[in-house]
There are 2 protein chains.
Amino acid sequence: MSQTSDIIRGHTETIILSRLLDHDSYGYEINKSIRDLTDGAFEAKEGTLYTAFRRLEQAGYIRSYWGDESSGARRRYYAITDEGRAFYDESCREWQRVKTMIDRLIGTEQA
Amino acid sequence: MSQTSDIIRGHTETIILSRLLDHDSYGYEINKSIRDLTDGAFEAKEGTLYTAFRRLEQAGYIRSYWGDESSGARRRYYAITDEGRAFYDESCREWQRVKTMIDRLIGTEQA
DNA sequence: CAAATTACCTCGCTTGTCAAGGTACTTTTT
DNA sequence: AAAAAGTACCTTGACAAGCGAGGTAATTTG
């Protein structure tokens, strides 16, 4: 496993939810938007992405439905739920806390 | 598993290495220093800690030796190696990058 | 018409975390 | 003096997330 993948772990769900705040989206587009926003540095592997969708749906944080594409491949769209938004907010706060702690731990300002 | 522990994952080794930058230390003390620096918020579970030591030693990032305690329980001390310092430096740079990326992804400044 | 792209999915492996268990000695409390 | 708490180490097995590798099926591009 790469160094990065362990660092992403724990953020995958939050990242996915963040992509759904404004509008419903589907796997391929979400993944593309993650890649674009990070200039290609991050990218959820497909296995990771789809298992995360299952988890999030099972937890009630997202809903899914098939889009009615008249052309092109079928798409499964995802929508964030109220519970999902609440979880997202809490995750963001958690991230802020953890960020501070890690900075304190590995930073140059040592005790 | 808690939400937090998945976020810490990937930083455990860096955190341990950071505790060894100034002086050699041993498991119990390292753990205590992590707890103190984070006001009790973080704490490496023993299983996590000791498996991490094995990994780091196997990778050549730390060396270990038994302290010669005249009283009290025996202690296995750890010392960071040159390779360990290099890895630590790289991990810190990685952390800065990741921090920026995650902030960009889950932050309020969305694309 | 082949290749690339869009778009979905599953299976099995690997790896790090952690609960739970253990050992052994010292210090503090009752 | 016995019990409890603290210091200090360690291992084992289960679990969960990431991911490589495989698959399907349609459309678009060269």
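Source: prediction; values computed, not measured.
- Under a 3.5 Å cut-off, the side chain of R74(A) and the backbone N or O of W66(A) do not form any donor-acceptor pair.
- A close approach under 4.0 Å does not occur between any side-chain nitrogen or oxygen of R75(B) and OP1 or OP2 of dT26(C).
- With rounding to whole Å, K32(A) atom NZ is found 12 Å from dT5(C) atom P.
- Taking only side-chain nitrogens and oxygens, S5(B) never comes nearer than 4.0 Å to OP1 or OP2 of dG16(C).
- At whole-Å resolution of the value, CG in D68(A) and C1' in dC8(C) are 17 Å apart.
- Regarding L49(B), its CG atom lies at a distance of 15 Å from the P atom of dT7(D), rounded to whole Å.
- Ring-plane geometry between W95(B) and H11(B) is classed as perpendicular, the angle between the planes exceeding 60 degrees on a 0 to 90 degree scale with a lower cut at 30.
- In this structure, the side chain of N31(A) engages the main chain of A44(A) through a donor-acceptor pair within 3.5 Å.
- A heavy atom closer than 4.0 Å to some atom of DNA chain D occurs in no member of residues 24-31 of chain A.
- To the nearest 0.5 angstrom, R19(A) atom CZ is 7.5 Å from Y88(A) atom OH.
- The distance from atom CD1 of I15(B) to atom CZ of F42(B), rounded to the nearest 0.5 Å, is 6.5 Å.
- A donor-acceptor pair under 3.5 Å is absent between the side-chain atoms of S64(B) and the main chain of Y77(B), judged by distance alone.
- When the C1' atom of dC8(C) is taken as reference, atom OH of Y77(A) falls 13 Å away, rounded to whole Å.
- Residues that satisfy the salt bridge (charged side-chain N to carboxylate O under 4.0 Å, His left out) test with K32(A), not counting sequence neighbours, are D36(A).
- Side-chain atoms of R9(B) come within donor-acceptor range of the base of dG16(C), with a qualifying N/O pair under 3.5 Å.
- The two atoms that bring L20(B) and I62(B) nearest to each other are CD1-CG2, 3.7 Å, heavy atoms only.
- Proximity of T48(B) to the phosphate of dG16(C): no side-chain N or O atom is located under 4.0 Å from OP1 or OP2.
- The distance between atom NZ of K45(A) and atom P of dT14(C), rounded to the nearest whole Å, is 18 Å.
- We find that CD of E57(B) is positioned 14 Å from C1' of dC9(D), with the value rounded to whole Å.
- Regarding I7(B), its CD1 atom lies at a distance of 12 Å from the P atom of dC18(C), rounded to whole Å.
- Here the P atom of nucleotide dC19(D) and the CZ atom of F42(A) are 11 Å apart, to the nearest Å.
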Sort me out a list of protein N/O and nucleotides 9-13 of chain C N/O pairs below 3.5 Å, or just none if empty.
residue: dC9(C); atom: OP1; partner: R54(A); partner atom: NH2; Å: 3.0
residue: dC9(C); atom: OP1; partner: R76(A); partner atom: NE; Å: 2.6
residue: dC9(C); atom: OP1; partner: R76(A); partner atom: NH2; Å: 3.1
residue: dC9(C); atom: OP2; partner: R54(A); partner atom: NH2; Å: 3.1
residue: dC9(C); atom: N4; partner: E46(A); partner atom: OE1; Å: 2.7

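- D24(A) and A79(A) get closest at one heavy-atom pair: OD1-CB, 3.4 Å.
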